Amino acid sequence: MPQDRSKDRHNPRVSIVNENGLWEELGRVVGDKERSEVTRRLWAAFLKRPGARIPRRSDYEPPKQP
């Protein structure tokens, strides 16, 4: 039986249901070990937490100004 590590952390674990393949695609873009961090940062930015910023893709290019 797998060990329950949820009590090792300060924050509870949550399960999120998403579109098929979305989690895997995010892993290809940001790396498997960064998916959770990107998700936490997106939530914090959406909630307008102090100092929170929307994470940017490494290949992001801002729109060119006319």
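The shown structure was predicted, so the numbers you read here are calculated from the model rather than taken from an experiment.
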For [X] and [Y], which heavy atoms make the closest approach, and how far apart are they?
{"X": "Ile16", "Y": "Trp43", "value": "CD1-CZ2, 3.2 Å"}
{"X": "Pro55", "Y": "Leu42", "value": "CD-CD2, 3.8 Å"}
{"X": "Glu24", "Y": "Arg35", "value": "CA-NH1, 3.9 Å"}
{"X": "Ile54", "Y": "Ala45", "value": "CG1-CB, 3.6 Å"}

To the nearest 0.5 Å, what is the distance between CZ on Arg41 and CZ on Arg49? 15.0 Å
Go through Thr39 and Leu26 one step at a time and tell me if the side chain to side chain contact (heavy atoms under 4.5 Å, CB included) criterion holds. CA-CA 10 Å; Thr39 302; Leu26 181 61; 4.2 Å; yes
same_hphob_cluster(Trp23, Val29) at 4.5 Å side-chain heavy-atom cutoff: yes
